[in-house]
There are 2 protein chains.
Amino acid sequence: MTVIFSKKCEYGLQAVLYLAAKEDSEVTSADEISKKLKIPREFVSKILQSLTESGIVNSKKGKSGGFSLAKKPEKIRLIDVVAAIDGLEIFKSCVLGFPQCSPEHPCPLHDKWGVLRTNAYNMLTDETLDMLKDKTLKKVRHISKT
Amino acid sequence: MTVIFSKKCEYGLQAVLYLAAKEDSEVTSADEISKKLKIPREFVSKILQSLTESGIVNSKKGKSGGFSLAKKPEKIRLIDVVAAIDGLEIFKSCVLGFPQCSPEHPCPLHDKWGVLRTNAYNMLTDETLDMLKDKTLKKVRHISKT
DNA sequence: GTTTAATCAGATAATTTAATCTGATTAAGA
DNA sequence: TCTTAATCAGATTAAATTATCTGATTAAAC
Ligand code: SF4
Ligand code: SF4
């Protein structure tokens, strides 16, 4: 079970964070990402392909090809990645699954959940990839050790 | 796509809130719940069966049977329902899907997400079914109109 | 040019989750 | 007692998500 993002989105975020933690515009193979993050190779490759269409990463074919960020890490917000993969639906839907989420027809948790939802959204909008570089490196290093 | 709970859990919460909004220990058929909340009948029935095992609702067989709350609404917290259906895994797992969520090996969002997660957990622990009665009734009434 | 190592594209498989179906059991009420 | 209307139990189906496979294409390096 995932927390709020789909597996695709989780992997996408991980991969993009990984790319951001490398030197500028360094091309990285799907194979390396897969091994370092322990994500199925073909799966992460597919996800990065879709992020290519969204203009978040670049792909380079052929020998010594791979993926790299399409913009500077400080220009990529977490919400951009989430929007590209899962969409922003969860920030508009009812936690309880009731139809028609809106202030006019609120579900019983409207007041309390609304605040949390906004906080989560703001967090993802505030954070850019560069801000998370050091922490990403630390986490990745720890993953390799296990 | 659901927000954080599975469909099962969403429906379970809706159904239990619906029961709580009725008079004390009134027995309600799966059919009525299904119609009022627009949830597939057999599905909600199955979910309530499992909540019976968890001791949250009672079921009464035979003609004029149905489901009712096993405790007073003020004794049932939302988190109890969530724990019974989805479990508490999401409050222990990494939002980004990284392995081993812990303060010792935090993911890049640890600091910020940790706070939101705790807030969400606390909300579900604070809220009991009785507190949401009025709002539930209002929402249910609006659903029937559509 | 040939080889090699990478992505790309699209089909397919496996798994999980959601929903439905069927027959049995139960108990109220005529 | 008999009929009826409900849950129960478990199998089955359907849909969505996750993961893998295969062949083609591309471009670097020799
Ligand atoms: S609580 Fe209100 S705003 Fe929040 S999801 Fe439910 S209906 Fe929408
Ligand atoms: S942010 Fe830290 S605490 Fe929160 S889920 Fe990720 S690893 Fe766990």
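Every chain is numbered from 1, with letters handed out A, B, ... down the list of sequences. Atom set for the values below is all heavy atoms of this structure, side chains included, hydrogens, waters and symmetry mates excluded.
Checked against B:F91 for a ring-ring contact (aromatic ring centres under 6.0 Å, His included), the options B:Y121, B:F5, B:W113 give a single hit: B:Y121.
When all heavy atoms are compared, the tightest approach of B:A20 to B:L129 is CB-CB, 3.7 Å. Here the shortest heavy-atom pairing between B:V81 and B:G12 reads CG1-C, 4.3 Å. Closest of all the heavy-atom pairs between B:S93 and B:C101 is C-CB, 4.1 Å.
Of the possible donor and acceptor atoms, none in the side chain of B:K36 sits under 3.5 Å from a partner among the backbone N and O of B:V140. A donor-acceptor pair under 3.5 Å links the side-chain atoms of B:T136 to the main chain of B:L132, judged by distance alone.
Between A:E32 and A:K22, at least one side-chain N (NZ, or NE/NH1/NH2) sits under 4.0 Å from a carboxylate O, which counts as a salt bridge.
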Nucleotide-level pairing of DNA chain D, given in dot-bracket where Watson-Crick and G-U pairs need both distances under 3.5 Å and | marks other strands: ||||||||||||||||||||||||||||||
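In this structure, the CD1 atom of A:I33 is 12 Å from the P atom of C:dA6, given to the nearest Å. The interatomic distance linking B:I39 (CD1) with C:dT17 (C1') rounds to 16 Å, in whole Å. In this structure, CD1 of B:I85 is placed 11 Å from P of C:dA18, rounded to the nearest angstrom. Atom pair B:E53:CD and D:dT7:P shows a separation of 16 Å (rounding to whole Å applied). If you measure from atom NZ of B:K35 to atom P of D:dA5, you get 12 Å, rounded to the nearest angstrom. For B:D31 and D:dT7, the CG to C1' distance is 12 Å, given to the nearest whole Å. Distance A:Q49 CD to C:dA11 P: 14 Å, rounded to the nearest Å.
Backbone-only engagement by B:S29 is indicated by non-hydrogen atom pairs under 4.0 Å involving sugar-phosphate atoms exclusively.
For the atom pair CD1 of A:I56 and CG of A:L51, the computed distance is 5.0 Å after rounding to the nearest 0.5 Å. Taking CD1 of B:I79 as the start and CG of B:L124 as the end, the distance is 4.5 Å to the nearest 0.5 Å.
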Could you run down the sub-3.5 Å N/O contacts of the protein with nucleotides 12-20 of chain D?
residue, atom, partner, partner atom, Å
D:dT18, OP1, A:K7, N, 3.1

Under 4.0 Å protein heavy-atom contact, by nucleotide of nucleotides 23-30 of chain C - B base, S sugar-phosphate only: ---BBB--
B:S6 and B:D86: CA distance, side-chain angles, deciding distance, side-chain hydrogen bond (donor to acceptor under 3.5 Å, both in side chains) verdict: CA-CA 7 Å; B:S6 69; B:D86 274 354; 2.6 Å; yes
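If you check the side chains of B:T128 and B:D130, you find a donor sitting under 3.5 Å from an acceptor.
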